[in-house]
Visitor: 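Sharing a structure, written as structure tokens. Questions coming.
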Protein chains: 2
Amino acid sequence: MASPPPVDLLDQVLELAVLINQDMTGSLAQRGLTPARTHLLWELAHRGPSTQRDLAEALRVSARNVTGLVDGLEATGFVTRAAHPGDRRATLVTLTAQGEREMKRMRDEHVQFADALFKDMPQARRAALAAGLGHVLDRLRTLIAQQASP
Amino acid sequence: MASPPPVDLLDQVLELAVLINQDMTGSLAQRGLTPARTHLLWELAHRGPSTQRDLAEALRVSARNVTGLVDGLEATGFVTRAAHPGDRRATLVTLTAQGEREMKRMRDEHVQFADALFKDMPQARRAALAAGLGHVLDRLRTLIAQQASP
DNA sequence: TATTGTTATACTCTATAACTATA
DNA sequence: TATAGTTATAGAGTATAACAATA
């Protein structure tokens, strides 16, 4: 089996990233969601009701941006704003029933999507792929850490 | 070696996609470029001087959007607009010397980045990774084609 | 009449800075 | 004085629709 040059491997990974991204963005759009708003919903589902300040830190985004994202999600019925019981400056953002439903559906579809991509892959190749991806992820994290510090 | 469940594989791929995307976006920003503008430069480098209409089709984006992208690239010195010799309605967008230099540098760095990620990977694992990625890309293309037609 | 690119308008994501209400 | 969130302002990417110049 010929060993492909690094550039070809990188190009494969990039193409995969582009296709997956397009596929997911399209699915979200059908439900009236965008990647940024979905990211916020995802955090909310993991953390439970949160202040906008906490969401801004979790998403690594400005407070102003969170105001806009919550505005959009509130208008489309995925979240509500409520008074914070202990701090009258703060707002608690909470998933609505619709928001909970969407998150559940998203989790289910995530699993289905993974099955569709990998279920017919032989066990040995699956393990080899995981090992290869792990290697690349390690290298990439190292590179990013080096860029950040010096 | 245990075979990982599909969801774990998908999550690995998604994390890789996110990290690579962040890395590339950061590199581009240091040169005053954005992903969308870079995409246009890339097409231009491959096709040679092109009308905005052709660029819009190549990028699968509205004509209005190309006007904006070319405005930005012109203002930052990467491209120029010139009269089309045979059609006075049309504009020919052309890479400047600076634009050509940037594209060359980008190609070089692309290769270097690939080397940094994959050079220390054993040949056998490299081949296995390419095979695994090929499998996923095939499945994904099939899924997308199915979504598009029915 | 059809096509090329622009102006007009609008929505989303993103940021910083100034400001209000509260701690 | 510091913090939570908003308004004000700005730039980038995206879209559709109307319009001018040209084919």
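Each chain gets a letter, A, B and so on, in the order its sequence line appears, and its residues count up from 1.
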Visitor: Hydrophobic clustering (ILVMFWY, side-chain heavy atoms < 4.5 Å, transitive) - are A/V7 and B/I20 grouped together?
Guide: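 Not linked; separate clusters.
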Visitor: Please determine if a side-chain N or O atom of A/N65 lies less than 4.0 Å away from the OP1 or OP2 oxygen of C/dC13.
Guide: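 A/N65 to C/dC13 OP1/OP2: no side-chain N or O under 4.0 Å.
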Visitor: Take the protein atom NE2 of B/H39 and the nucleotide atom C1' of D/dA12, then report the distance between them rounded to whole Å.
Guide: 17 Å
Visitor: How is B/V61 classified with respect to the nucleic acid when contacts are heavy atoms under 4.0 Å: base, sugar-phosphate, or nothing?
Guide: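 Result for B/V61 = sugar-phosphate.
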Visitor: Does the pair A/E15/B/R141 count as a salt bridge with the N-to-O cut at 4.0 Å?
Guide: yes
Visitor: side-chain contact (heavy atoms from CB on, under 4.5 Å), that's the test. Do A/T80 and A/V93 meet it? Break it down for me.
Guide: CA-CA 6 Å; A/T80 52; A/V93 183; over 6 Å; no
Visitor: Rounded to whole angstroms, how far apart are CZ on A/R53 and C1' on C/dA21?
Guide: 14 Å
Visitor: Specify the residue among B/R64 and A/T34 whose closest nucleotide of DNA chain C lies further upstream toward the 5′ end.
Guide: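 Between the two, 5'-proximity favours B/R64.
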Visitor: Roughly how many Å is it from CD in A/Q22 to P in D/dG13, rounded to a whole number?
Guide: 17 Å
Visitor: Could you state the CG-C1' distance from B/L73 to D/dG11, rounded to the nearest angstrom?
Guide: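 Roughly 15 Å, once rounded to whole Å.
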Visitor: Under 4.0 Å: is that the gap between some side-chain N or O of A/S62 and OP1 or OP2 of C/dT14?
Guide: no
Visitor: Just how far, in rounded Å, is C1' of D/dT6 from CG of A/D71?
Guide: 9 Å
Visitor: Measure the distance from CG on B/L69 to C1' on C/dT6 and round it to the nearest whole Å.
Guide: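 Whole-Å distance recorded here is 15 Å.
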Visitor: At under 4.0 Å, does any side-chain N or O of B/R37 touch on OP1 or OP2 of D/dG13?
Guide: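 Answer yes for this pair, as a side-chain N or O of B/R37 is under 4.0 Å from OP1 or OP2.
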Visitor: Between A/D71 and A/R81, is the closest basic N to carboxylate O distance under 4.0 Å?
Guide: yes
Visitor: Is there, by distance only and without an angle test, a donor paired with an acceptor across the side chain of A/R89 and the base of D/dT3 below 3.5 Å?
Guide: yes
Visitor: Indicate if A/V79 and A/M103 have the same hydrophobic cluster label, given that clusters are the connected sets of ILVMFWY residues with side-chain heavy-atom separations under 4.5 angstrom.
Guide: yes
Visitor: Counting the atoms with a prime plus P, OP1 and OP2 as sugar-phosphate, which does B/T67 contact under 4.0 Å by heavy atoms, base, sugar-phosphate, or nothing?
Guide: base
Visitor: Rounding to an integer number of Å, can you tell me how far B/D87 CG sits from C/dT4 C1'?
Guide: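 About 7 Å, once rounded to whole Å.
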Visitor: Nearest whole Å is fine: how far is D/dA20 C1' from B/R88 CZ?
Guide: 14 Å
